[in-house]
Engineer: 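Quick one: the structure is below, and I'll ask about it shortly.
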Number of protein chains: 2
Amino acid sequence: MGIKDIARALGVSTGTVDRALHAKPGINPMTRTRVLRMAESLGYRPNLAARHLKSRKVLRITVNLPREIALFWDSLREGIREAATPFAPALEVEFASYPRLGEGDVAAFERALASGTNGFIVAPGDPVALRPHIRTAAQRGVPVVCVVTDAPDTQRLTSVSADPYTVGAVAGEFLTRCLPGGGEVGFFTGWLATQDHADKLRGFEQSLAHDGHKLRVAGVVEAHDDEREGHRRALALLEAHPDLKGIYVSTVNSLPVLRAAEELGRLSTLTIVTTDLFPDLVGWIRRGAVAATVYQRPISQGRLALQALYQFLVDGTCPPPKLHVVPILVMRSNLELFLERLPADAEAPAGEPGVVRT
Amino acid sequence: MGIKDIARALGVSTGTVDRALHAKPGINPMTRTRVLRMAESLGYRPNLAARHLKSRKVLRITVNLPREIALFWDSLREGIREAATPFAPALEVEFASYPRLGEGDVAAFERALASGTNGFIVAPGDPVALRPHIRTAAQRGVPVVCVVTDAPDTQRLTSVSADPYTVGAVAGEFLTRCLPGGGEVGFFTGWLATQDHADKLRGFEQSLAHDGHKLRVAGVVEAHDDEREGHRRALALLEAHPDLKGIYVSTVNSLPVLRAAEELGRLSTLTIVTTDLFPDLVGWIRRGAVAATVYQRPISQGRLALQALYQFLVDGTCPPPKLHVVPILVMRSNLELFLERLPADAEAPAGEPGVVRT
DNA sequence: GTCCGGACCGTGAACGTTCACGATGGCGTA
DNA sequence: TACGCCATCGTGAACGTTCACGGTCCGGAC
């Protein structure tokens with residue numbers, strides 16, 4: 001079951017077999033197919049050890065992710081790094097960062113593609129802008145894996161994310177359980193035009209419906225990832241609904257909403273569910289102001305993304321078009337276990353400007 | 001940074017370096033230390049590809065786990081298998097099963113040790129009985145990793161488990177959130193003498209205490225993993241406390257408790273939290289009779305165990321004495337995502353004897 | 001002095017693959 | 001006919017490590 005066996009079986013040399021298996025020039029198309037057919041029938045599996053021993057060519061994959069929110073993206077990077085170590089030194093991971101989601105990802109992508117990467121892991125901020133670049137990458141045989149956010153209808157290899165519908169449904173079910181008496185709850189998101197955000201709302205509403213509509217959505221707020229707007233609209237929602245029982249902030253921008261609730265003295269009567277985990281949120285969870293946060297498990301996402309990409313580069317095996325991680329409810333009781341696993345320097349935010357801590 | 005560089009730097013042959021690095025006989029102790037020191041200072045990392053290419057010696061690790069509960073242990077095995085594939089064919093995993101936890105694990109251990117395994121992954125049913133065997137294994141340089149249950153005070157390499165204190169605390173916090181009005185709850189376990197079970201109770205009580213003692217433990221029941229006893233004592237507890245608001249079954253034996261609650265018509269007034277996931281539990285979760293189950297993530301445990309063991313066998317790097325996975329709350333809304341990932345044939349229980357399904 | 005044995009160490013082949021180079025042969029052109 | 005070119009294929013070295021084998025040296029016994 002080696003390259004030699006194929007050569008012997010066909011009466012050709014190992015060099016010819018090598019050329020055939022790697023689609024190199026300088027070989028008769030007929031012998032090429034004969035070799036391929038024989039390789040197939042013999043069940044040929046390349047010996048990776050020997051391959052890497054000889055031409056110490058390393059696979060280079062580049063990871064383009066934002067810097068902010070640090071704790072989240074650092075965790076994602078950590079998951080990738082961790083999953084990559086078993087393959088070292090045959091695999092080399094190159095990290096490139098840009099300030100925020102969608103700010104500079106295209107440029108970083110072009111640079112890496114020009115420098116000759118073998119694969120990508122990216123979080124598309126603006127999928128439409130990235131689409132043509134994913135196309136050219138695919139044409140050159142460079143696979144792209146999306147994490148956290150997807151770039152649908154492109155030639156990406158696969159996407160890894162927390163299934164948004166389930167994320168919303170988990171938050172909804174938890175709120176339903178926490179508020180057995182029923183009542184009104186608020187839903188905060190970024191843009192409902194974004195597929196992911198709309199899916200979360202769908203999942204959320206579906207969960208509420210399960211309970212016989214004792215809990216209902218009093219307002220759906222689009223904050224457009226803007227701190228000021230989030231704060232202002234949270235104040236408005238709370239004042240318009242003095243009897244509001246719960247809030248689910250389905251984006252990572254939960255701080256403005258939390259502060260608004262605190263300013264109005266409503267924290268004790270509200271059950272609040274947020275999204276993901278970042279330093280400034282830890283305190284709110286510890287003192288119970290946030291009942292739970294739906295964690296999208298960046299570490300696991302990173303691991304899955306890297307493994308799918310590596311498998312494809314080595315075996316050529318295609319993953320399913322979408323890979324999902326199960327969202328986790330982080331509460332006070334299991335918070336510490338998450339903080340343990342997180343990148344070390346990321347937990348202490350120190351006095352960041354504009355951050356109110358109580 | 002290869003064996004040749006060490007040889008050249010010291011003016012010896014590669015054979016000598018090889019003998020020194022592997023503690024083989026037939027080498028002067030002095031040259032041995034000289035080689036080791038030089039290897040250290042040059043930062044020598046063996047080329048695993050070359051090593052495996054030459055003496056195609058495969059690491060063989062044996063996994064001894066119970067058959068029942070199938071879904072749980074199959075998931076654990078799946079996690080191990082999955083984590084092992086990247087190392088194939090340099091790593092070979094051998095699975096041995098015995099009927100139940102503690103029934104035949106010692107015999108299986110001895111057999112595998114005699115057959116010359118390189119490492120173990122086991123779930124000690126009776127840690128005391130297994131201790132001497134772990135000792136002899138350790139003396140022969142065969143590392144043992146415990147999963148799910150630990151064998152403390154032995155020479156095991158490490159143990160992988162869901163931190164029992166956190167498991168209990170998560171269940172407690174969830175119940176607290178579900179029952180904002182306070183009241184009495186029941187706690188079911190196996191044996192309080194078992195460290196893990198006692199830790200879960202501690203975590204559980206700690207979470208209740210956080211809330212200003214509005215929720216309190218009406219009864220702690222030891223069911224000794226006996227179905228009849230569990231059922232009988234559940235009936236007794238429910239009848240003694242007609243106002244019981246919630247139940248946490250901290251072992252996998254939750255069915256007798258659930259049936260007792262159902263028989264007494266108390267399901268609708270009880271918030272029930274169980275442990276782990278198995279086929280017969282799925283229906284109870286789907287119709288909301290079980291609010292949530294604390295999942296101890298066997299797949300992740302398997303992955304962690306294998307990676308720690310492999311790292312040690314290859315690098316000699318020792319993992320921390322305990323590795324923890326974060327327990328997850330499985331509810332109706334994320335149940336399907338878990339069932340997806342589970343071993344295929346394990347979900348459908350068919351008509352198992354003695355199983356009541358509604 | 002010769003021989004032997006043991007301790008220690010060097011030598012070289014082999015593992016499966018890759019790749020640069022050389023070899024072969026057929027065909028067209030001078 | 002002689003030559004060169006191109007397409008196609010074979011050859012052999014190299015990658016870093018392991019291991020069986022053989023070599024060298026030294027001390028002791030005859």
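Not measured: the values here are computed from a predicted model. First the proteins, then the strands, lettered A, B, ... as listed; each starts at 1.
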Engineer: Using the salt bridge (Lys or Arg N to Asp or Glu O under 4.0 Å) criterion, which residues pair with K57(B)? Sequence neighbours excluded.
Structural biologist: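 Once residues adjacent in sequence are excluded, K57(B) has no partner under the salt bridge (Lys or Arg N to Asp or Glu O under 4.0 Å) criterion.
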Engineer: Taking the basic N atoms (NZ, or NE/NH1/NH2) and the acidic carboxylate oxygens, is any pair closer than 4.0 Å for D150(B) and R156(B)?
Structural biologist: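 Yes, this pair counts.
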Engineer: Taking the six-membered ring of F72(A), is the NZ or CZ of R77(A) close enough (under 6.0 Å from the centre) and on axis enough (within 45°)?
Structural biologist: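 R77(A) over F72(A) ring: no.
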Engineer: Counting only heavy atoms and a strict 4.0 angstrom limit, can you tell me which residues of residues 11-19 of chain A come near DNA chain C?
Structural biologist: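 G15(A), D18(A), in order of number.
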Engineer: With sequence neighbours excluded, give me every salt bridge (charged side-chain N to carboxylate O under 4.0 Å, His left out) pair touching residues 300-312 of chain B.
Structural biologist: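 For residues 300-312 of chain B: none.
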Engineer: Restricting to side-chain contact (heavy atoms from CB on, under 4.5 Å), what partner residues turn up for R111(A), sequence neighbours left out?
Structural biologist: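 Partners of R111(A) under the side-chain contact (heavy atoms from CB on, under 4.5 Å) test: A107(A), A108(A).
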Engineer: Which residues in residues 22-41 of chain A have a heavy atom closer than 4.0 Å to any atom of DNA chain C?
Structural biologist: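 Contacts with DNA chain C under 4.0 Å: H22(A), K24(A).
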Engineer: Is it the case that over 12 heavy atoms from other parts of the model lie below 6.0 angstrom from the CZ atom of R67(B)?
Structural biologist: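 More than 12 within 6.0 Å, yes.
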Engineer: For D163(B), give me all partners under side-chain hydrogen bond (donor to acceptor under 3.5 Å, both in side chains), at least two apart in sequence or on another chain.
Structural biologist: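 With sequence neighbours excluded, D163(B) shows a side-chain hydrogen bond (donor to acceptor under 3.5 Å, both in side chains) to T166(B), given in chain and number order.
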Engineer: What pairs meet the ring-ring contact (aromatic ring centres under 6.0 Å, His included) rule with one or both residues in residues 120-153 of chain B, with sequence neighbours excluded?
Structural biologist: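 Qualifying pairs, neighbours excluded: F109(B)-F120(B).
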Engineer: Which pairs, with at least one residue in residues 310-319 of chain A and sequence neighbours excluded, count as a salt bridge (charged side-chain N to carboxylate O under 4.0 Å, His left out)?
Structural biologist: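 Every pair satisfying salt bridge (charged side-chain N to carboxylate O under 4.0 Å, His left out) with a residue in residues 310-319 of chain A: there are none.
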Engineer: By the salt bridge (charged side-chain N to carboxylate O under 4.0 Å, His left out) test, which pairs, at least two apart or in different chains, include something from residues 4-16 of chain B?
Structural biologist: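 Every pair satisfying salt bridge (charged side-chain N to carboxylate O under 4.0 Å, His left out) with a residue in residues 4-16 of chain B: D5(B)-R8(B).
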Engineer: So which pairs with a foot in residues 31-46 of chain B pass salt bridge (charged side-chain N to carboxylate O under 4.0 Å, His left out), sequence neighbours left out?
Structural biologist: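 Listed by first then second residue: nothing to list.
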Engineer: Is the charged tip of R297(B) near the ring of F338(B): under 6.0 Å from the six-membered ring centre and within 45° of its axis?
Structural biologist: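 R297(B) over F338(B) ring: no.
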Engineer: Please give the angle, rounded to 10 degrees, between the axes at the start and the end of the helix from dG1(C)-dC30(D) to dA30(C)-dT1(D), where five pairs define each axis.
Structural biologist: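 The angle, to the nearest 10 degrees, is 80°.
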Engineer: First and last nucleotide of DNA chain D in contact with chain B, 5' to 3', at under 4.0 Å to a heavy atom: what are they?
Structural biologist: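 Boundary nucleotides touching chain B, in 5' to 3' order, are dG16(D) to dC19(D).
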